[in-house]
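Here is the structure we will look at, set down as structure tokens.
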Amino acid sequence: MATSGDLESTRPLAQFTPTFLGDHHFSVPVDDSEFDAIEHEIESVMKPHVRDMLTSSHMCDKEKIGLIHLLISLAISHYFENEIEEILNKAFGKLKCLVAEEVDLETISIMFEVFRLYGHKMPCDVFERFKGEHDGNFKESVVGDVRGMLQLFQASYLKAKDEDIMEEARTFTRNHLAVAASDQSHLSRHIQNALCMPRYHCVEIAVAREYISFYEKEEDHQEKLLKFAKLNFSYCQLHYIKELNAVTKWWKEVDLASTLPNSFRDRIAEFYFGMMGIYFEPRYSRARVISTKISMIMTVVDDTYDAYGTLPEVISFTDALQRWDIGTIENLPTYMQIIFRILWEIMQDIEREMSSLGRSGGVQPTIDEIKSLTKEGYIKIAKWARGGHVPTFEEYMEVGIVTAGMDDMIVFSFLGMEDCDEKIMYEWLASRPKVILAFNVMLRLINDIATFEEELERGEVANGVNCYMKQHGVSQEEAVGELKKMIKDHHEVMMEEFFEASATVPRQILVRVFNLVRVIKLFYKEGDGFGHPGENLKAHFTSLFL
């Protein structure tokens, strides 16, 4: 443990794994005529065909819900949000009749998943009919229904608080699906993929890519829907390539790599991939680019506090950020002036861009969140680290849920969403929603478990694992076990709050939080996938771009 002032003038000097793009500037040519051709076919042929199916009087509610589930799986449901919400609002009012005599596990599970995805909390007691009356276990007859088990397994990840039957269902189906996935059929490969990476632990467009390959091999697949899904994937991919070209070009021009020490994370590609997870739909192109730029420079700000700056430096930096005045930064160290100027210029550019669209209402809330994050979060963690202070777990979490930064990430992601009412978005955020609070707790603890040993090595003693160990006198293993229970509990609280908020908050707003959870689950599946991007993340990235 360092003494009094030693750590104040010491640089942590962290070393991070390079981005999985290396020094490569992503540059792939995009033919605009291909954009236009795909868009025309989607708009003039595919959308009218599916809209007719959804509004057909010849399809019953169960069939329409099944179709909606297929559209979700193929990542083309976003074209029909209004139609889907109207269908589900009406169908949910008839839920008792819909499920009364239904004994097909796959059908019930699909209904459960679709209703919950759209904010309707379908009760989980519908699955009691698949359990034995005497022993309370799932019936052996369920084991023979492989597709039903697979669907129930995926649906179980939409469980909320105190829904023990869904936990039982997940364990039961996982164990039996592992046995069922032993051959080389396309269904078995699909099951293996699901067990390795459940749908809601991965970004939606990556899930869809795998599902398209599976659906193509299904004997009863609908050729026109399959074509629509492939066209949409190509259309999305063209957007992604064009946008990644733009953000990597911008990052090269910013050229922080030549002006800053290497104690900063270069994560432009990883951040862009994360933004694809928050909103994969083509219409959010501007939002993905804007949020990637802000998130990237804010990671440099984060690393300034955690991995490079001395305590006097970060105190001065915090003061400068609170003033938010480019004319008063001359007393900062040169590297901090560079970081401040880039952040300030990004926000100026965004304000001009969004003002031209009459949508600049998110700029000031974004600046306010940046100020709050640094003043109420980053600087406090830095002071603890430089002073070698281990706070109580409760004290740490008060600050830790701020530094988790999910409030900020949601604000960034809202900036470029042109199809949502700004007033509704930012009033909801200002109310400090419980769903985001629960998510902040989740991410803070997930991150702390993954980064504990590395942070301790560079003097960051204020980590959730370390604070819990010291306060309760337990081992690292025991502390991690307790934190994992908290993560599970807060995930369930988050889902409960998601359903609650769905009654008053537009789905397009709420689903960003839900999708961000999927991004975090993927990034932290094998440790700190953001600090040290691994092969799993790179494989998903490659599958969408190459």
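Residue numbers count from 1 along this sequence.
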Can you give me the closest heavy-atom contact between [X] and [Y], atom names plus distance?
| X | Y | answer |
| --- | --- | --- |
| M276 | L544 | CE-CD1, 3.4 Å |
| L231 | E41 | CD1-CD, 3.7 Å |
| C420 | I509 | SG-CG1, 4.2 Å |

Any side-chain donor paired with an acceptor under 3.5 Å for [X] and [Y]?
| X | Y | value |
| --- | --- | --- |
| R267 | S295 | no |
| N89 | E85 | no |
| Y308 | D303 | no |
| Q508 | Y284 | yes |
| T374 | Q322 | yes |
| T403 | Y305 | no |

Check the pair V493, V441 against side chain to side chain contact (heavy atoms under 4.5 Å, CB included), reporting the backbone distance first and the verdict last.
-> CA-CA 11 Å; V493 169; V441 174; over 6 Å; no
Between R116 (side chain) and K121 (backbone), is there a donor-acceptor pair under 3.5 Å?
->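 Such a contact is absent between R116 side chain and K121 backbone.
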What do you reckon, is CD of E34 surrounded by more than 12 foreign heavy atoms closer than 6.0 Å?
-> no
K375 atom NZ, neighbour heavy-atom count above 12 within 6.0 Å = no
Basic-acidic side-chain contact under 4.0 Å: [X], [Y]:
| X | Y | result |
| --- | --- | --- |
| E418 | R359 | no |
| D32 | K242 | yes |
| D448 | R444 | yes |
| R432 | E369 | yes |

So, is the end of the R507 side chain (NZ or CZ) under 6.0 Å from the ring centre of Y118 and within 45° of the ring's axis?
-> yes
Listed partners of F523 passing ring-ring contact (aromatic ring centres under 6.0 Å, His included), at least two apart |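 Testing F523 for ring-ring contact (aromatic ring centres under 6.0 Å, His included), a comparison that skips the adjacent residues, returns none.
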Are Y157 and Y200 an aromatic pair by the rule of ring centers under 6.0 Å?
-> no
For the residue pair F35 and H239, is the inter-centroid distance of their aromatic rings smaller than 6.0 Å?
->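 Yes, the ring centres sit under 6.0 Å apart.
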Evaluate side chain to side chain contact (heavy atoms under 4.5 Å, CB included) for I487 paired with I449, printing each intermediate quantity in order.
-> CA-CA 11 Å; I487 292 168; I449 291 171; 3.8 Å; yes
Return the orientation label for the F340 and W324 ring planes: parallel under 30°, perpendicular over 60°, tilted otherwise.
-> tilted
Measure the acute angle between the ring planes of W428 and F414, then classify it against the limits of 30° and 60° as parallel, tilted or perpendicular.
-> tilted
Listed by chain and number, what are the salt bridge (charged side-chain N to carboxylate O under 4.0 Å, His left out) partners of E427, not counting sequence neighbours?
-> K423
Who pairs with K434 by salt bridge (charged side-chain N to carboxylate O under 4.0 Å, His left out), at least two apart in sequence or on another chain?
->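 K434 satisfies salt bridge (charged side-chain N to carboxylate O under 4.0 Å, His left out) with no other residue.
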List the steps and the verdict of side chain to side chain contact (heavy atoms under 4.5 Å, CB included) for M336 and V314.
-> CA-CA 9 Å; M336 283 185 167; V314 295; 4.1 Å; yes
